[in-house]
Structures are given as C-alpha cells and as structure tokens.
Undergrad: 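Have a look at this one.
For clarity, every value in this text was computed on a predicted model and none was experimentally measured. Labels below follow one simple rule: chain letters A, B, ... track the order of the sequence lines, proteins then strands, and each chain is numbered from 1. Because only heavy atoms are used, hydrogens play no part in the values below, and waters and symmetry mates are left out as well, while side chains stay in.
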Amino acid sequence: MSIKITLPDQSIREYAGLITPNQVAMDISPRLADSAIVAEVNGKLVDMSYSIQSDSSLKIHTFSSAEGKEVYWHSTSHLMAQAVKTLFPNVKVTIGPSIENGFYYDFDRVESFTDEELLKIEEKMQELSRENIPYTRKEICRNEGIKLFQDLDEPYKVEILEGIPENETLTIYTNGNFTDLCRGPHIESTGKVKAFKLLKTSGAYWRGDERNKMLKRIYGISFPTSKELKQYLSDLEEAKKRDHRKLGKELDLFSVADEIGGGLILWHPNGSLMRNIIEQYWKERHWDSGYQLVTTPHIGKAELWQTSGHLGFYKEGMFAPIEVEGQEYYLKPMNCPFHIMIYKNSMHSYRELPIRLAELGTVYRYERSGTLHGLMRVRGFTQDDAHIICMPEQVNDEVERLLLFSMEILKKFGFKDFQIYLSTKPEGSVGAPEDWTMAENALRKALNAQGFAFEVDEGGGAFYGPKIDIKIKDALNRSWQCTTIQFDFNLPERFKMEYIGPDNQPHRPYMIHRAIFGSMERFFGTLIEFHAGNFPVWMCPTQVMVIPVGENFEAYAKEVQAQLKKLKIRAEIDTASEKIGYKIRDAEMKKIPYMLIVGQKEMESNSVSVRRHTHGDMGMIPVAEAIQKIQEEIESSL
RNA sequence: GCUCAUGUAGCUCAGUCGGUAGAGCACCUCCUUGGUAAGGAGGAGGUCACCGGUUCAAAUCCGGUCAUGAGCUCCA
C-alpha cells in the first residue's frame, strides 16, 4: 500500500523532519498500514518511511536522515536474510540491525560465507529486489510468536522471545518467504532497495558475549541510487590509500618487527624526526603554560601498583611482573602513580597550587593480540601525560585553561572539526557525589564559556571521575579520539595526597589527568590519515628538495641549499644521475612540499623554479623570494 | 583470546596439475648530463614465515606454531 501526500515546498533532502498527522492529508490508520509511503514533493515522487512517535504523530524519514538510513539499511538486511534463507535454508537467522554505515546480519552456520557465496547472495538479492516484494507488518502476541518461530525452526528468535514479558505485543515483518521478529519500521518493498553491496564477512558472538557461540556475520551497505553507492565505495578506497600503515611504509616512517613483537613500534629516521619536532613543540608549549616537565622510570614495585589499585582492577592490562631480589616489579601501564610520588616527596602549601606535572611517559599495556592495529592500538606507547593537582576553587579556571590549551595545540596540526563529549557519573563510581557534581559542572561550564558544542554521555565517565573527550573529524568524516581530560577522585585518596591550606590544616587536593595527543603513536597515526601523508610544512622531515637539472648546476644547488639551511629549513639536494622527471617523481612520491629546480636560467638570474607538492609548477622566482615564501608557510602555523 | 583470510626478494606481486623460484620498483656498476611524475645496459639479492607430516619429490597437500589483515570480544 502506498499513499501520496504532498509536502510543503521544501527540497527533498531537507525534508526529514517531523510531520504531524494533520499534515498527512489522509485517513489511514498508521498502525495497520505499511510503514512506508510515497510522498509527492514538488511533483516528484519520493520513497519515504515513517515511524510512529509516542505522541502518535508520524515521523517521516527520507534516506538523508539518520532514521531514514536506519530504516533503509535495516530493510536491506531483511532482504539479505531472505536471500540467504532462500539459498541456504538450513542456516538459522539471529539478528540483523542497521549500523553506523550499513547493516549486518548474523547467521548460525558451520562454514563461513565465501566470497563466491557472497556474490551469489548479492545476485539473489537483485532478483528479489526486481520482484518488488512488499514488507508487510503484523502484530502478534509473545506466545504466538514463540509458536511461529518454533514452527519455522528458528531457535534464536525463540530465545529472544522467551526473554520478553508474556503479555507483550510484538511485530513481525514478512518479505516473501522470510519472516522476522522486528520492531520496524521498514520501507515499502524490496524493489526500493536499488544499490547495495555486501562488503565483508566475519565472526561475531551470539549476543556479543565471547562465551557464546561464534556466528557468521555478513556486512553490507545500500543506497537509493547507484551514484551514492559508488561515492561510498570510492570513499572506502580513499580511506585505504590514507591508511597510516600503508603510508608509514611508503614514507619510511615506522615499522614493527616480528622479532621484537606486535604492537611495539620502531620509529624510523623520518618518523622519528617528525616525532621529535612534535615533541619539541609540545614541550615548549608546556613550559610556557605553567607545566613542570618530569621524567620517571618505566617500572615500579608491586607495592606501588597495590596502592594505586591497578593490581586490583587493571591487572589483565599489565605485563607479567619481573622478579628481582625477591621483589616484583611491573612495567608501568600508567604514569599517574609516579607523578603522585613526585608530589608526595615534599609538603605542599596551598600557595603552590595548582601544580602541573607533565611527561612524555612511555607505558606498556598488555593488549590482546587480536586488538593490535598499526599505531592506533599498540602495547608500548608514549602518552603526553599531565596531572594537575589543585584546590577545589581552582578547578573551574584549570579546566577552562586546559580546554583552550588543548584546542590551540590541536589546531596547530591542522585539525578544525572537533566532536566533544562530556561523560558523567557511572554506576559504582568512587568519590563523594558533591565532588562529582562540582567536577561535572566545572567541565560543563568551561565548555559553555568557550561556546563549544558537546554531547553528554550520561554515565559514560570512568569510575573515578567525569571527563571530556575530544575527537577529531577528518575529510572522510571519520573521527579520531585524542584529547581526554579526566577528574580523578580515586588516586588522591589512595595515595593520601595532601596540601596545607590557609587554615594550617591538611586538605585533599583535586587531581585532573589529561593527555592532548593521547599517545604519540596514535596521534601520529591520526596525523598521517588526516593529512593523507601531506603534512603541514613545519613538521615535514624534508621540507625542500633542491633539484639540479644537470651536474653543472650542483654547485649552485648547494648554494641554494646552504641558504635554506641557514634558516633552519630542512633542505636536501638530489644529485642522482637521473633525468629531472625522475627526480621530480621521486620527490612527489615522498610528498616533499617544496621542490626547487635549478638549471642554466635559474643560475644566471639567481632564481629557482618552484614546484609545490600537489600544486605542480609555480614558475621561476628569485631565490630570496622563494625562501621567504617557504618561511612564511612554515611560520604561518607557528 | 575467538571466527575467517593471508604469509614467496627491502617493497608490490606472479608462480597452472606437487618436479627445490619469477617480474616490476628499490639497491649496486657502467653509459647517459637532462627542464617538471619512471633514459639505457648489466649485476647482486630468496632455507618460499617457522616446525613437523605425507610423498621418489613440497612454495604448492595435511597438522601445529608465529605474525599480519577484517571483524568479534576487550579497551582507564
């Protein structure tokens, strides 16, 4: 059943909002109708789906809205399940929701789905889409449902139903020979699923629990037009090209060695140079901003980790202890206890606070082998860690400073789009409720004062304190977590940290953990993917490649290089016995930002021909002008 | 850790039916001295991840281990 409605004069894309029943000019009973309609917008027919809101109004979705995508993808997942059940009748279905990008369906089957089978399933889906089978909705009670799915021999559905209260009414959706327990809504019919692709298969635990059976999952994506599908697939390709592991190899930045171990990073000269440049900048900014930089060991005795509580609640994340002279030592998974020990080494007056201790501290964590991923998830990494120890009345100021400081540093690296999350008190937290309230308010206040938009993750805080997380968004709309600002009500208590107040009495200070990059490894990986290897000039390992056209011009090239080096610009010279085209290709592939080509005419006029990476030939200009231009670009981000 | 896939030269990859290895790039030498993304010739480079099994014979088939990848689970 499809209904024609006329929507106000708005573009299709914009029109995904709430429509009240009286705007839908018809006398349908939504509960009985298909949950899909066709709307006429500016004379064009548009497929839409709706869901019924709690106030019994209708919410109309087009594909451009998040809900619309959900409905569309979820419907595609039912189509896929229909295809799978048709081709492999013995496979048992479980669940198949839409996800952030597309959908999946988990099946119980002994064998995995092969690529050939995936293609067959796709073909069957095409066929079923051409048949344009309606998705029909039906309400049933729980016990009817159990009976139905027992008859269909779908034990997983029966299990789900058995977990639902007796008298609850449920909905089932049917497309052709496939019936699924489902809340809906769905689109009108399988013919509306125009462009889709099954992307990959994997294992997944039933109900997400690793003690349960491993099911076989198929992931897919779909769009109303093949153009959108093509765009999506080309974005995936682009993401592959930007993969920091691929670029890390191509640009000779880092590696991991089997002989050393997974998740342990070797920083090559180029990567290391960049890391040193980044660290140098980080240190200078911290020194300038009232931080005291400290250095602490990589291991500590069991007693320390007992006091900090890590041996109680974080032991699985730590490497096994090293025994020396009957004492157990652990590799540090965190820097906090060390910074706390520095604080506790002497008495502190309230006049000294806030104390801000910062360190590029290398920690080691045991991550399960399957979770390691390039630079993003490793077993040894360096956090740009700091602990701010302050009085309650200083908290607001500190958080606000911190937020500004973090943003300033992130922007330096070319990041512009941020997503900010505030995570609040979870179940089973430690610390006084009034401390939590105060800390949450301080975080909220700082965000509001700076006019930063943020989302609240209720109950998403760590057990020891609320936090702000900042994620970076890249050109492909992917987000990368780096900055985190966390209150800690646990460690000051455990370590009995104190300061002497104006009342000459000891008081417990507040402590804030924070990392701006998160870790050098992950941040570097993020930088690589964000810039696709085309880094801002100030941090490039080689900023300029001077390319003499022939060996007669090498002396002049060296002169140019010397002038650049005098200004601390990292300039190299390519004297290979190759044609200029070869040298340019080489420099382009190394993504060196500036290439200065010198030959007869440049030498005669004391000039260089400038070629900018990704921009091409910029023409011949005097050396001094070229150098000034390069320097300006370097300094513009300083 | 779990499921599945993969592992051949520094890199990217061929290698059919089981007969102990190939290409391009990179590297080295020589020639070439050039004008905006690969000039030419030659050379060197491999215990086919590792261990075991089947076989007259294993890069190839089987088992195990390790590593990597995609997910799952985990993630202070």
Undergrad: Return yes if a side-chain donor-acceptor contact under 3.5 Å exists between A:T483 and A:S406, otherwise no.
TA: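 Note: A:T483 and A:S406 side chains miss the donor-acceptor criterion.
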Undergrad: Taking the P atom in each of B:U73 and B:U3, what is the distance between them to the nearest angstrom?
TA: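 Nearest-Å result for B:U73 against B:U3 at atom P: 15 Å.
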Undergrad: With rounding to whole Å, what would you report as the distance between B:G34 and B:G69 at their C1' atoms?
TA: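 Roughly 44 Å separates the two C1' atoms.
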Undergrad: Quick one: do the A:E559 and A:Q563 side chains pair a donor with an acceptor below 3.5 Å?
TA: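 Note: A:E559 and A:Q563 side chains miss the donor-acceptor criterion.
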Undergrad: So what does the secondary structure string of RNA chain B come out as, 5' to 3', with Watson-Crick or wobble pairs under 3.5 angstrom, [ ] for crossing and | for pairs with another strand?
TA: (((((((..((((.....[..)))).(((((.......))))).....(((((..]....))))))))))))....
Undergrad: Can you give one letter per nucleotide of nucleotides 32-50 of chain B, 5' to 3': B if a protein heavy atom sits under 4.0 Å from the base, S if only from the sugar-phosphate, - if neither?
TA: BBBBBBBB-----------
Undergrad: Do A:R377 and B:C74 have a side chain to base donor-acceptor pair shorter than 3.5 Å?
TA: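 Such a pair is found, so the answer is yes.
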Undergrad: Does the base of B:G71 carry an N or O that pairs as donor and acceptor with the side chain of A:Y205 under 3.5 Å?
TA: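 Flag unset: no donor-acceptor pair detected.
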Undergrad: N/O contacts under 3.5 Å, protein versus nucleotides 65-68 of chain B?
TA:
| from | atom 1 | to | atom 2 | distance (Å) |
| --- | --- | --- | --- | --- |
| B:A67 | O2' | A:D258 | OD1 | 3.0 |

Undergrad: What's the gap between B:U68 and B:C62 when it is taken at their P atoms, as a whole Å value?
TA: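 It comes out at 24 Å once rounded to the nearest Å.
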Undergrad: For the side chain of A:K200, starting at C-beta, report the closest nucleotide among B:G71, B:U73, B:U12.
TA: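 For A:K200, the side-chain atoms sit closest to B:G71.
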Undergrad: So A:F196 and A:M125, do their side chains get closer than 4.5 Å, heavy atoms only?
TA: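 SC-SC contact between A:M125 and A:F196 confirmed.
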